[in-house]
Amino acid sequence: MAKFALGDVVNSDKGRRGVVRAAYKSREGQQFYAVEKDGAMDFFEEDRLTLAPRVELAA
């Protein structure tokens, strides 16, 4: 089962933040994600990503 859902904001181990646009498994069964940042796509293994903290805006 995927750890992240489409549309989740995640941080990579490189310190970059992006939005999950696709989730898929490799032939070996490892979970990968396509993450969009500024219109560019990066592809990460599941263990290299963490869920970004939600930011609450003041009213």
Side-chain angles (χ1 to χ4, degrees):
M1 183 165 179
K3 184 177 177 181
F4 305 106
L6 300 180
D8 281 352
V9 178
V10 294
N11 290 326
S12 72
D13 59 351
K14 296 179 181 179
R16 302 174 97 183
R17 181 178 287 196
V19 179
V20 174
R21 296 298 183 199
Y24 60 96
K25 287 193 180 227
S26 67
R27 289 183 182 176
E28 295 79 24
Q30 189 170 3
Q31 188 72 39
F32 280 82
Y33 295 90
V35 178
E36 179 188 9
K37 177 172 179 7
D38 298 330
M41 299 297 284
D42 285 323
F43 302 91
F44 294 99
E45 299 165 347
E46 185 173 62
D47 58 350
R48 295 179 57 195
L49 297 173
T50 57
L51 195 59
R54 295 187 69 101
V55 177
E56 297 294 329
L57 300 176

To which residues is V19 joined in a hydrophobic cluster, defined by side-chain heavy-atom contacts under 4.5 Å among Ile, Leu, Val, Met, Phe, Trp and Tyr, whether direct or through other members?
V9
Suppose we screen for side chain to side chain donor-acceptor pair (under 3.5 Å). Which residues come up paired with Q30, at least two apart in sequence or across chains?
none
To the nearest 0.5 Å, how far apart are CG in L49 and NZ in K3?
8.0 Å
With R17, which residues qualify under salt bridge (charged side-chain N to carboxylate O under 4.0 Å, His left out), at least two apart?
none
Members sharing M41's hydrophobic cluster, built from side-chain contacts under 4.5 Å between Ile, Leu, Val, Met, Phe, Trp and Tyr, are Y24, F32, F43
Flag yes if more than 12 heavy atoms outside R16 fall under 6.0 Å of its CZ atom; otherwise flag no.
no
Apply side chain to side chain contact (heavy atoms under 4.5 Å, CB included) to T50 and list each qualifying residue two or more places apart in sequence or on a separate chain.
N11
Provide the full list of salt bridge (Lys or Arg N to Asp or Glu O under 4.0 Å) pairs with a residue in residues 25-37, sequence neighbours left out, each pair given once.
R21-E36
Considering all heavy atoms, the nearest L51-F4 contact
N-CE2, 3.7 Å
